[in-house]
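One-based numbering, in listed order, for ligands and for the atoms of each. Computed over heavy atoms, backbone and side chain alike; hydrogens, waters and symmetry mates excluded. Here, residue 1 is the first one in the sequence, and each next residue gets the next number.
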Amino acid sequence: MKKVITYGTFDLFHEGHYKLLERAKALGDYLIVGVTTEHFDEARGKINVVDPIMERIEHVKKTGFADEIIVEDHEGQKIEDVQKYGVDIFVEGSDWEGHFDYMRAFCEVVYLERTPNISSTLKRKSRFRLVRIGIVGTGRIAPRFMSEAKYVSGVLIPCCYNPEKASGELFSKLHDVRAYSQSFEEFLDQVDAIYVASPHETHYGYAKQAILKKKHVLCEKPMTFTYKAAKELYDLAAENKVVLMEGIKAAYCLGFQQMINIAKSGRIGEIRDVEACFSRLVREDSRELNDGTYGGAFLEFGGYPLLPIFKLFGTEYDSISIDSILDKKGIDLYTKIQLRYPGGMATAKTGIGVKSEGQLVIAGTKGYILAPSPWWLTKHFDVRYEDPDIVEHYEPAFQGDGLRYEISEFINQINGTRGRTYKLTAEESIGMAKVVERFMKQRSEAKSGKHKGKAGSGKG
Ligand code: CTP
């Protein structure tokens, strides 16, 4: 019996897939089809797959060509499979010509002519309207969005907004953005969604105006400074049926969610302590060190360390204490937040004028998770135990600077292709705004002398 094997994602099953399977089957007597998992696709940079694996398997099954369907979930599996199943012919479409020649050491390799003018990518494009995202604010962060958005299909960036003409004009020229506008109203009319990367204090206003015009919003952190404002935005987004996402990049990175889920799975027992730190020394002339109202370490980076804490313990803490080291202008160079929960405790540290180890430690009753810097991108982490010889090491997939995962989540939420959002919930985002509100109140009291440079503590 001649065995043939082929692999694919088979997303939005189309004629090209059908014809490939038909010809692959005709090459032998028994066809094995490997269908990729979402996780494997994400790891190799395919981040826009629409159909869940069971649906994709079902479509392959329905063709009647596959005698056996297997799941492909890791690099190197093809060689394993060919040996394990005693395969004679390995088949791929001609778009892979040459790529799998290394398989010739194990079996015959055949590249079949690809069916022209059809692909899952094209089908995704015709099924979902391109999402026109407008960039609000053309400063330091926006260029990163431009370069990462290229890896997410379904995105078009037709214009940017900046009340300052020179900055907007330069950005649109440098990044090949067709139009720029100084009028926010006019800008909103040209887009379906916005990415808010303007100064902190403008986030709420831009987000609100856009939501009221039924535009989806991806907003850089901190989205708002108060619980009330955050709640209002999420309520408005629900009312206007638009997606509202806060851009805390860590939440959307593949490895971060995996690490949190391992912590929640009981592997390290009951979680009792979460310690997270993010510090980045900034230039003397930076906005963070010079804006007495909206600068400082916590407003800039607080969302990162609060994220694993809220993910693991929730947003309902028993008490919170905030302590900062302020400079002469009243800007926090270093802020430490301690939270007490019924079953555990947590610390969130941020620094712009104090450098510390940017690590995350999740301590449980049976072991702990250690994620070294940059844990917020979660490129690797360890699960460790009392016995120092037992270390489970993880190296999740991560590409680019990670923003592509956030943009991909935004697009998938808009298109309704990724189920309910759980990566950063409205509740968690609103919970962060509540901490921001408390922090700002205490910092301004400290500045006016009430707290003498220290922030206070109190019930959550
Ligand atoms: N294929 C084909 N003709 C097409 C499209 C795909 O023969 N028009 C083949 C591929 O070469 C591969 C198999 O079908 O051997 C599964 O391809 P897959 O990557 O799942 O489909 P694509 O449509 O190429 O997906 P995408 O656009 O997401 O890359």
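Considering each of Arg56, Glu92, Arg23, Glu15, the one bringing a non-hydrogen atom nearest atom 15 (O) of ligand 1 is Glu92. If you check each of Glu113, Arg124, Lys125, Arg114 against atom 3 (N) of ligand 1, the one with the closest non-hydrogen atom is Arg114.
Protein heavy atom nearest atom 14 (O) of ligand 1, with residue, atom name and distance: His17 CD2, 3.6 Å. For atom 8 (N) of ligand 1, the nearest protein heavy atom (residue, atom name, distance) is Ile118 O, 2.5 Å. Looking only at protein heavy atoms, the nearest one to atom 9 (C) of ligand 1 is Leu20 CD1, 3.9 Å.
In this structure, Lys46 has a heavy atom closer than 4.0 Å to ligand 1.
Checked against Phe90 for a ring-ring contact (aromatic ring centres under 6.0 Å, His included), the options Tyr85, Tyr102, Phe100 give a single hit: Phe100. If you run salt bridge (Lys or Arg N to Asp or Glu O under 4.0 Å) between Arg404 and each of Glu409, Glu42, Glu148, only Glu148 comes through.
Annotation for ligand 1: atoms under 4.0 Å from non-hydrogen atoms of Ser119 are 23 (O), 27 (O). Ligand 1 places these atoms under 4.0 Å from at least one heavy atom of Phe10: 16 (C), 20 (O). If you number the atoms of ligand 1 from 1 as listed, the ones under 4.0 Å from a heavy atom of Ser120 come out as 21 (O), 22 (P), 23 (O), 25 (O), 26 (P), 27 (O), 28 (O). In the vicinity of Gly93, heavy-atom distances shorter than 4.0 Å reach the ligand 1 atoms 11 (O), 15 (O). Taking every non-hydrogen atom of Asp95 and a distance limit under 4.0 Å, the qualifying atoms of ligand 1 come out as 10 (C), 11 (O).
From Glu288, atom CD reaches atom CZ of Phe301 across 6.0 Å, with rounding to the nearest 0.5 Å.
A side chain to side chain donor-acceptor pair (under 3.5 Å) check over residues 251-270, counting only residues at least two apart or in different chains, returns the pairs Arg267-Glu392, Arg267-Tyr394. Applying the ring-ring contact (aromatic ring centres under 6.0 Å, His included) test to pairs two or more places apart or on separate chains, those with a residue in residues 125-162 are Phe145-Tyr195, Tyr161-Phe184, Tyr161-Phe187, Tyr161-Tyr206.
Salt bridge annotation for Arg56-Glu38: present, with a cationic side-chain nitrogen under 4.0 angstrom from a carboxylate oxygen. By the 4.0 Å N-to-carboxylate-O rule, Asp11 lies close enough to Arg124 to be salt-bridged with it.
Residue-level proximity to ligand 1 for Thr9 is carried by backbone and side chain together, each with a heavy atom below 4.0 angstrom.
Considering every non-hydrogen atom in both Ile268 and Ala363, the closest pair reads CD1-C, 4.5 Å.
Although no hydrogens or angles enter the test, the distance criterion places no donor-acceptor pair under 3.5 Å between the side chain of His216 and the main chain of Ile414.
Not one N or O of Asp11 is nearer than 3.5 Å to an N or O of ligand 1, by distance alone. Ligand 1 has an N or O atom lying under 3.5 Å from an N or O atom of Thr121, backbone or side chain.
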